[in-house]
Amino acid sequence: MKYNHKEIEPKWQRRWEERQIFRARDCSDKPKFYALVEFPYPSGAGMHVGHIKAYSGLEVISRKRRMQGYNVLFPIGFDAFGLPTENYAIRTGIHPRVATDENIKKFTSQLKRVGFSFDWSRTIDTTDEKYYKWTQWIFLKMFEHGLVFRDKALVNYCPSCKVVLSNEDSQGGKCDICHSNIVQKSKDVWYLRITEYADKLLEGLERVDYPPHIKQQQINWIGKSTGAFADFKLVGTDDSLRIYTTRPDTMFGATFMVIAPEHPIIEKHKDRIKNLDEVYAYREECAQKTEFERTQLVKEKTGVRIEGLEAQNPLSGRIIPVYIADYVMMGYGTGAIMAVPAHDERDYEFAKKFGIEIIEVIKGGDISKAPYTGEGEMVNSGFLNGIKTQKEAVAAAIRKLEELGVGCAGVQYKMKDWAFNRQRYWGEPIPIVHCPKCGMVPVPYDQLPLVLPPVDNFEPDEGGESLLAKIPEFVNCKCPRCGGDAKRETDTMPQWAGSSWYYLRYLDPHNDRVFADPDKLKYWLPVDWYNGGMEHVTRHMIYSRFWHKFLYDIGEVPCDEPYAKRTAQGLILGPDGEKMSKSKGNVVDPNDVIDEYGADVLRLYILFMGDYEKAAPWSESSVRGCKRFLDKVAALPEIAKGQGVTSALESKFHKTIKKVSLDIEEMKFNTAIAAMMTLLNDIYEHGSLTVDELKIFIKLLCPFAPHLTEEIWEQLGGKGFLSLAAWPEYDEAKTIDEQVEVAVQINGKLRGTIMLPLNCPRDEALELARADEKIAQMLEGAEIIKEILVPNRIINFVVKSK
RNA sequence: GCGGGUAUGGCGGAAUCGGAAGACGCGCCGGAUUUAGGAUCCGGUGGGAAACCGUACAGGUUCGACCCCUGUUACCCGCACCA
């Protein structure tokens with residue numbers, strides 16, 4: 001009855017590995033299927049059940065595809081650069097290389113215990129110099145094509161990690177890694193010009209199969225807005241102040257301007273500013289605030305009027321005051337705005353506080369009470385008066401600005417250029433040399449990889465420089481261009497670098513001439529199906545789409561989008577319904593589950609617990625339910641006899657094959673498993689099945705529970721591996737019943753059921769329904785107003801009583 | 001505030017198109033077996049004595065609504081003074 005998972009699971013894992021049955025063949029004639037899962041960061045804590053869920057979806061689909069005759073590539077690797085390992089080194093003195101190798105070993109053995117059908121011959125490790133050679137190579141290609149630049153900038157600095165963070169890594173003013181408050185610091189920053197690809201990244205979304213909420217998140221992240229730039233002349237100077245607005249139609253209502261505290265116009269015109277001390281003091285005050293305080297905590301508007309600076313509205317000619325206020329950000333648009341209090345909430349609030357005039361230019365609201373942001377007829381707006389739609393008014397205003405030579409249509413993005421350096425040791429060294437004569441010089445391609453030098457002390461400097469800066473042999477070098485003394489860049493790349501192109505390396509992981517052979521790229525790309533977590537659908541996916549599009553533009557990859565289809569699994573919550581975390585003590589260790597119940601049970605339960613794309617809490621007793629199911633499957637050979645089909649089960653088998661086949665494609669694993677459970681119940685109710693039927697059953701179950709089903713397959717004398725056997729086909733005709741049960745309603749309420757032949761003609765069906773004893777009784781004396789028939793489903797009599 | 005999502009028995013969740021709400025599993029109840037417990041097997045299980053009532057709440061459309069429309073609430077995720 002019961003099977004011994006501790007024996008059969010390692011046995012089959014061994015055999016699969018010996019025979020290398022999950023190896024993908026490059027450029028074979030079979031149709032290809034490239035399934036990609038997000039490769040793990042090999043942390044010291046080992047894997048948790050969330051990893052298993054993340055891989056199980058495409059694991060099942062890959063296994064089904066193999067049985068369907070596809071040449072499947074389902075690879076795995078390790079994204080191993082990153083702060084946790086370096087922090088571990090700082091704490092323990094254990095070199096990140098050593099810790100990483102150990103963790104990868106641990107992850108590998110855990111993944112193998114689950115029986116995943118990965119192609120282990122293609123494993124990659126982003127910290128392997130043979131891998132990051134090509135990460136550096138792509139960086140240099142970007143450098144060569146002008147997509148890399150360096151700038152002094154206020155950066156987010158984590159005083160605890162002693163590291164510069166990108167905006168993405170410091171959301172909410174907290175360090176993404178240690179959750180300390182971040183501070184602003186001026187630094188030299190390497191940037192990748194991802195904004196140059198903003199439109200391509202947006203436009204590409206129209207041609208890929210991502211669910212709408214994922215596309216929407218990427219669209220929001222890129223944050224494109226259209227509007228206009230306009231120059232406001234500074235009174236008494238030749239200078240002007242350029243603003244960006246999405247609402248040029250409201251320009252006649254601009255009664256003041258606001259500039260960001262860091263705006264350079266202050267320095268430029270400080271001689272004219274009468275209250276310079278006050279302005280400086282305000283600027284200082286703002287600089288003290290973190291991004292978090294500025295954006296999150298401060299609800300009330302603050303600001304200072306700049307005495308002595310006034311600007312002229314280019315359309316209305318009106319002279320208006322200029323304010324400095326921190327509700328305008330230097331990092332978006334031009335760092336200066338025209339304020340239209342009548343039709344903008346923030347400007348309204350500011351105007352109310354500072355007693356600035358509010359001029360209505362769009363009818364429809366009551367601006368004495370609140371700003372009006374809707375549409376309406378233009379008023380008080382010169383040539384715009386009378387226009388009734390925003391679209392028209394915007395176009396007219398832009399036309400006028402262009403005519404006058406004081407503005408133009410413009411586009412802005414929320415997405416900023418990608419800050420691409422970290423003051424850290426455990427990352428890819430940035431392959432650039434600083435030469436006093438030649439400036440920034442790239443390391444020649446033939447000198448890659450630029451290898452991380454060994455170190456033994458991982459304590460970071462107070463100044464926040466990388467450890468590499470303390471290694472003279474690394475820093476001091478000759479300029480590749482002029483041969484003179486030069487210094488190496490000591491910053492490394494962020495953790496996102498290695499994962500931005502890893503799916504390409506799987507195609508040719510051992511190639512040392514190119515990152516991947518063009519024929520192999522052509523055969524395998526694009527990734528057919530990419531699954532991962534929701535937390536990666538913006539940053540990681542946008543970064544890697546950016547790299548891919550760049551490689552496409554320079555002719556290195558054959559398609560412009562890397563991922564044809566993307567899905568995202570939901571979290572596994574703790575038994576208490578909370579997110580699993582060590583501190584809450586609600587973490588489930590997959591090893592424990594495998595020890596007690598086996599890998600097949602673990603896999604089955606994780607896919608059965610609920611909608612794959614939604615979060616669901618762990619339940620140990622439900623795990624036992626899956627164990628019971630597999631025990632009953634293990635006992636099926638005892639009641640299997642004869643060949644061919646069992647007439648009572650034939651239709652049920654065809655229906656189940658159909659349901660399981662279709663559900664797997666939609667990642668509806670829970671209902672696929674439920675269908676197999678139902679069939680199993682039917683089989684036991686019937687008391688027996690044929691050997692042929694049993695073979696079909698274990699084929700359907702094989703992608704979910706491969707060890708047990710291989711074992712049964714062997715018992716039955718099946719040829720070769722079940723994992724490579726042909727997926728069962730169903731006969732559509734046999735999934736259709738000849739007799740159907742039809743519900744009979746009176747006034748929409750269920751009053752009985754009758755059996756009808758399939759596709760019974762309307763008149764006949766209604767006749768039979770009326771003739772039903774129970775229905776006839778209830779219809780007696782009532783007037784039938786209407787008769788509704790939904791073929792093979794329902795009959796509804798609408799009646800008036802009496 | 002903006003964008004996206006979710007809400008169904010004691011629990012996880014099912015329900016092509018608007019057509020019998022609660023598939024499947026867990027839990028629970030009863031029975032068999034057992035010295036006992038566990039395991040296993042059989043039966044039952046939304047509420048209600050019943051008429052009926054039930055898919056977050058209030059309306060609407062329809063012969064018929066978990067499903068469509070209007071409004072509301074709660075929770076989750078992402079972004080957030082983006083001009």
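Order of the sequence lines fixes the chain letters, A, B, ..., with proteins taken first and strands second; residue numbering starts at 1 for each chain. All figures in this text were calculated on a predicted structure; none of them were measured in a lab.
Using atom C1' as the reference point in both B:C11 and B:A58, the two lie 29 Å apart (nearest Å). Nucleotides B:U45 and B:G10 place their C1' atoms 11 Å apart, quoted to the nearest Å. If you take atom C1' in B:A20 and the same atom in B:C63, they sit 15 Å apart, rounded to whole Å.
Take A:P211 and apply the side chain to side chain contact (heavy atoms under 4.5 Å, CB included) test, not counting sequence neighbours, and it matches A:H213, A:I214. Residues passing the side chain to side chain contact (heavy atoms under 4.5 Å, CB included) test with A:Y191, sequence neighbours excluded: A:F149, A:D151, A:A153, A:V189, A:D417, A:A419. With sequence neighbours left out, A:S651 forms a side chain to side chain donor-acceptor pair (under 3.5 Å) with no residue at all. Legend: residues meeting ring pair (Phe, Tyr, Trp, His ring centres under 6.0 Å) with A:Y282, ordered by chain and number and at least two apart, are absent. In terms of the side chain to side chain contact (heavy atoms under 4.5 Å, CB included) criterion, residue partners of A:L789 (sequence neighbours excluded) are, by chain and number, A:R762, A:A765, A:I795. Checked against side chain to side chain contact (heavy atoms under 4.5 Å, CB included), A:D663 has the following partners two or more places apart in sequence or in another chain: A:K659, A:K668, A:T671, A:A672.
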Query raised in the report: How does protein reach along nucleotides 2-9 of chain B, written 5' to 3' as B (base within reach of a heavy atom under 4.0 Å), S (only sugar-phosphate), or - (no contact)?
Result: -SS-S---
Report summary line: Readout for nucleotides 16-25 of chain B: B = base within 4.0 Å of protein heavy atom, S = sugar-phosphate only, - = neither; 5' to 3' it is ---BB--BBS
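Taking the nucleotide of RNA chain B with the nearest heavy atom to each of A:T245 and A:A616, the more 5' of the two is matched to A:A616. Annotation: of the two residues near RNA chain B, A:P617 and A:M338, the 5′-most nearest-nucleotide partner is A:P617.
Screening residues 751-760 of chain A for side-chain hydrogen bond (donor to acceptor under 3.5 Å, both in side chains) gives A:E741-A:T753, A:N759-A:N792 as the qualifying pairs, with residues at least two apart or on separate chains. Legend: salt bridge (Lys or Arg N to Asp or Glu O under 4.0 Å) pairs involving residues 213-227 of chain A, not counting sequence neighbours, sorted by first then second residue: A:D199-A:K224. Note on residues 606-621 of chain A: pairs passing salt bridge (Lys or Arg N to Asp or Glu O under 4.0 Å), not counting sequence neighbours, are A:D611-A:K614.
Contact check, A:Y332 against B:A83: a side-chain N or O comes under 4.0 Å of OP1 or OP2. Dashed line: the shortest gap from a side-chain N or O of A:R624 to OP1 or OP2 of B:G12 is not under 4.0 Å.
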Query raised in the report: With Watson-Crick and G-U wobble geometry limited to distances under 3.5 Å, how should the secondary structure of RNA chain B be encoded in dot-bracket form, using | for bases paired to another strand and [ ] for crossing pairs?
Result: (((((((..(((......[....)))((((((.......))))))((....))..(((((..]....))))))))))))....
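Centroid-to-centroid, the aromatic rings of A:F350 and A:Y323 come within less than 6.0 Å. Annotation: A:F669 is not in aromatic contact with A:F608 [ring centroid separation under 6.0 Å not met].
Not a single donor-acceptor contact under 3.5 angstrom links the side-chain atoms of A:K414 to the base of B:C79.
One interatomic measurement links the two molecules: CE of A:M609 to C1' of B:A14, which rounds to 16 Å at whole-angstrom precision.
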